[in-house]
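One structure below.
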Amino acid sequence: MTEKNGKTFLKAEVKNMKKEIAVGIKLNARWKDSNEIILPAYMSDGYFNLLPGETRVIEVEIPCTTGKNIYISAEGLNVALNS
């Protein structure tokens with residue numbers, strides 16, 4: 001995670017550890033203390049699918065400094081909310 005010019009930049013690696021395809025995965029940037037979604041947060045990929053064992057790296061830009069007080073959560077149509 002880096003902060004530059006009043007923005008926060010990070011990369012999130014997402015991997016499907018299941019034996020089934022993960023459908024409609026969506027990532028959200030959230031505040032650690034309240035679990036609220038940070039808006040706006042720009043992701044390099046919106047909703048996406050992952051085959052079993054597949055990994056994808058998503059670039060995230062948040063237009064404010066966060067003080068590293070954030071985390072990325074993932075959820076999908078057949079994927080439970082996960083942080």
* Asked: Would a 4.5 Å heavy-atom cut-off, applied to side chains only, mark D33 and N69 as touching?
  -> yes

Exercise. Without swapping roles, check the side chain of N78 against the backbone of A22 for a donor-acceptor pair under 3.5 Å.
Key: no

Review point. When you look at N49 and E54, which way does the side chain to side chain donor-acceptor pair (under 3.5 Å) test go after all the steps?
Key: CA-CA 9 Å; N49 301 324; E54 184 179 5; over 6 Å; no

When every non-hydrogen atom of P40 is compared with those of P63, the smallest separation belongs to O-CD, 3.2 Å

E3 backbone acceptor or donor facing T8 side chain under 3.5 Å | no

To the nearest 0.5 Å, atom NZ of K15 lies from atom CD of E13 at 8.0 Å

Interatomic distance, CD1@I70 vs CH2@W31, rounded to 0.5 Å, equals 7.0 Å

Kindly say whether L50 contributes a backbone atom to a donor-acceptor pair with the side chain of N16 at under 3.5 angstrom?
yes

(Q) Is there a path of hydrophobic side-chain contacts, each under 4.5 Å between heavy atoms of I/L/V/M/F/W/Y residues, joining V79 to L51? (A) no

The reported gap from OH in Y42 to CD1 in I62 (rounded to nearest 0.5 angstrom) is 11.0 Å

Those residues at least two apart in sequence (or on a different chain) that pass salt bridge (Lys or Arg N to Asp or Glu O under 4.0 Å) with E59 are none

dist E61:CD -> M43:CE (nearest 0.5 Å) comes out at 11.0 Å

Query raised in the report: Can you tell me if T65 uses its side chain to pair, donor with acceptor, with the backbone of K7 under 3.5 Å?
Result: no

Distance col, row L10:CG vs M1:CE, nearest 0.5 angstrom, shows 5.5 Å

CG (L27) and OH (Y47) are apart, to the nearest 0.5 Å, by 10.5 Å

